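Structure record follows, encoded as structure tokens.
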There are 2 protein chains.
Amino acid sequence: MENAGTSGLVSGAIGAISRHIREKELMPGDKLPSEAILSKELNVSRTVVREAFRSLAAMRIIELATGKRATVAQIDHGAMSLMIEHGVHTDQINIQQIYDVRRTIETRIVTLASIRRSDTEAAEILDLAAQMRRSMDDPAALMEHDLAFHTALARASRNPVYSLLIGAFQGITRQTWPIGWKSRSTQASRDLMLVTHVEIARAVAASDPQKAVAAMSLHFDESVRALLTAGLS
Amino acid sequence: MENAGTSGLVSGAIGAISRHIREKELMPGDKLPSEAILSKELNVSRTVVREAFRSLAAMRIIELATGKRATVAQIDHGAMSLMIEHGVHTDQINIQQIYDVRRTIETRIVTLASIRRSDTEAAEILDLAAQMRRSMDDPAALMEHDLAFHTALARASRNPVYSLLIGAFQGITRQTWPIGWKSRSTQASRDLMLVTHVEIARAVAASDPQKAVAAMSLHFDESVRALLTAGLS
DNA sequence: GAGGTCTAACCTGTCAGACAGGTTTAGGGG
DNA sequence: CCCCTAAACCTGTCTGACAGGTTAGACCTC
């Protein structure tokens, strides 16, 4: 009775275009045929091709731009971020569950980062931790540095899937971060958070996976507690 | 110089519709306004609303069906699966990287599953492992049971984000699984794989997280080795 | 009054054609 | 050989139309 994914001209076009990308082994940046050509080849109206393009663009599989032809896109976490946000807003996922996943993958990330980070990356991570400390009185800036810190760690893991995943959680984290920050009411608890980040950075820079994991673990214990204190289910 | 995500009438419509869902606190299954109404409210043509709907449907944020109005959708791994496949086909992600992520999260999954699984779930997981054994001579069926096994474990973890992630890797796994199976050329290596699954199932059923993690770890060691043997970068 | 049926109103899927810009390309002039 | 321009190409958006699926209410029967 259900067929949503495969029936309909648009779904057919999506499939045909995806196949085209695979078969021609197109790489990010490569151009796709124009809407007019595709609509002729697939025997459908331009409307159908356009809706197929939009669908693929929504998943960041292709990239659209006015005047230019569509191109194959680089993977990007934007779409995943929206999906996760949607899941949270519709009560299908809660914040604690996201934190469990983040803890799991970020623990692995710091292990890999400790082993694989370049010196430049180590410096960047250290610097981001320092910037966090400096922007202690500006929550918005602090949050951005915090997010950038975790993103940099993911990148240093040299596994793009981890970067993708960390990026996917960023959207919803932006919305919950202030809650956690506010619930750290004492100066001591705020300091602790900043110090923990510095500790993580130092351990990664020192190529000490065990210490890095321990610090990251502490960070999550503390974060989860902060969110629970704030009453976040 | 870049603005792809926020400019254009369609992006505006996507934003407006997303906001509508959040502000009205719509839950999965709830209906959205019709295309005609939305196009009037947003002062854009029906074309624009339709393309916005398609985009949201591609991310499985909403669900479309002919004749009926669009509804808010349940989270679904379909879109993520396509994104991952795209990443692999365009050489932005390789299989080993995916296996590293899977190992990381599946290790956590069996820990949670061991603690939280219901008796029904335990029985199901045990049964799936048994079915794998029985379909040893039918690779297609074996693969499906294998995938179902890991999906069932994720579900038993009681964290929908893990289910989502496991689902997201399923598409690409379907394409690489046969490679791994073929590279297990000896009867002994094939038996090992089946036995390992049974071990995981038994450990979860026995609520023994440590044993479950050990077995899962072994499973991934073995899988990664099989793929490396097959020459998969 | 309850239940069932049928029709009219509503809604989505697809098509065709049109036009305003943005982009690329080929040619022509210096 | 380089630069500049105009034509060709391409996408974004709008309008109007029609087929076919869905729904709700009117109506009819028991």
Side-chain angles (χ1 to χ4, degrees), chain A residues 1-18 20-21 24 26 28-74 78, chain B residues 1-18 20-21 24 26 28-74 78:
Chain A
M1 218 63 78
E2 270 296 318
N3 227 15
T6 47
S7 83
L9 298 192
V10 174
S11 308
I14 293 175
I17 296 166
S18 303
H20 181 274
I21 294 176
K24 289 250 154 79
L26 298 188
D30 290 352
K31 287 188 205 141
L32 278 85
S34 72
E35 296 175 357
I37 292 177
L38 277 172
S39 75
K40 197 162 292 184
E41 268 179 19
L42 305 177
N43 278 311
V44 294
S45 69
R46 205 185 134 211
T47 307
V48 169
V49 174
R50 276 191 67 74
E51 293 193 6
F53 268 11
R54 282 285 183 198
S55 295
L56 291 167
M59 294 183 276
R60 299 297 192 117
I61 288 176
I62 68 174
E63 195 154 340
L64 303 177
T66 41
K68 301 186 209 173
R69 280 195 288 167
T71 58
V72 174
Q74 293 204 266
Chain B
M1 219 65 78
E2 270 297 318
N3 227 15
T6 45
S7 83
L9 298 190
V10 174
S11 309
I14 293 175
I17 296 166
S18 304
H20 182 273
I21 295 176
K24 289 251 154 77
L26 299 188
D30 289 352
K31 286 188 208 145
L32 279 81
S34 72
E35 297 174 358
I37 292 176
L38 277 172
S39 73
K40 196 161 294 183
E41 270 181 18
L42 306 178
N43 277 310
V44 294
S45 69
R46 184 156 79 103
T47 308
V48 169
V49 174
R50 276 192 67 74
E51 292 193 6
F53 268 12
R54 281 285 181 199
S55 294
L56 291 166
M59 295 184 277
R60 299 299 192 119
I61 288 175
I62 68 174
E63 197 155 338
L64 303 177
T66 30
K68 301 186 206 172
R69 280 194 289 168
T71 58
V72 174
Q74 294 205 265

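Keep in mind it's a predicted model, so treat the numbers as computed, not measured. In the text below, chain A, chain B and the rest are named by the order of the sequence lines, each starting its count at 1.
- Residues Met59(B) and Leu56(B) have side chains in contact (heavy-atom distance under 4.5 Å, counting atoms from C-beta outward).
- We find that NZ of Lys31(A) is positioned 12 Å from C1' of dC9(D), with the value rounded to whole Å.
- Leu32(A) has its CG atom 14 Å from the C1' atom of dC10(D), to the nearest Å.
- Listed nucleotides: dT15(D), dC15(C), dT11(D). Nearest to the side chain of Thr47(B): dT15(D).
- Distance NZ/Lys68(A) to CD/Glu63(A): 8.5 Å, rounded to 0.5 Å.
- At least one side-chain nitrogen or oxygen of Ser45(A) sits closer than 4.0 Å to the OP1 or OP2 atom of dC15(C).
- For Leu38(B) and dC10(C), the CG to P distance is 17 Å, given to the nearest whole Å.
- You won't find any donor-acceptor pair under 3.5 Å spanning the side chain of Arg54(A) and the base of dG12(D), going by distance alone.
- Taking atom CD of residue Glu35(A) and atom P of nucleotide dC19(C), one finds them 19 Å apart after rounding to whole Å.
- With dT24(C), dC15(C), dC11(C) as the choices, the nucleotide that has an atom nearest any side-chain atom of Lys68(A) turns out to be dT24(C).
- Considering only side-chain N and O atoms, Arg50(A) lies nowhere under 4.0 angstrom from the phosphate OP1 or OP2 of dT11(D).
- Straight-line distance from the CG atom of Leu64(B) to the C1' atom of dG21(D): 14 Å, rounded to whole Å.
- Here dT14(C) presents its P atom at 13 Å from CD of Glu51(B), a figure rounded to the nearest Å.
- Of the inter-residue distances, the one linking Asn43(A) atom CG with Leu9(A) atom CG reads 10.5 Å to the nearest 0.5 angstrom.
- Along DNA chain D, the nucleotide closest to Val44(B) and the one closest to Pro33(A) are compared, and the more 5′ of them pairs with Pro33(A).
- To the nearest 0.5 angstrom, Ile21(A) atom CD1 is 9.5 Å from Asp30(A) atom CG.
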(request) Using the side-chain contact (heavy atoms from CB on, under 4.5 Å) rule, take Ile61(B) and Ser18(B) through it: C-alpha gap first, then chi angles, then the decisive distance, then the call. (result) CA-CA 9 Å; Ile61(B) 288 175; Ser18(B) 304; 5.6 Å; no
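- Protein atom CZ of Arg69(A) is 20 Å distant from nucleotide atom P of dG22(C), rounded to whole Å.
- One N or O donor and one acceptor, one from the side chain of Arg46(B) and one from the base of dG13(C), sit under 3.5 Å apart.
- For Leu9(B), taking side-chain heavy atoms from C-beta onward, the closest of the listed nucleotides dG12(D), dC14(D), dC15(C) is dC14(D).
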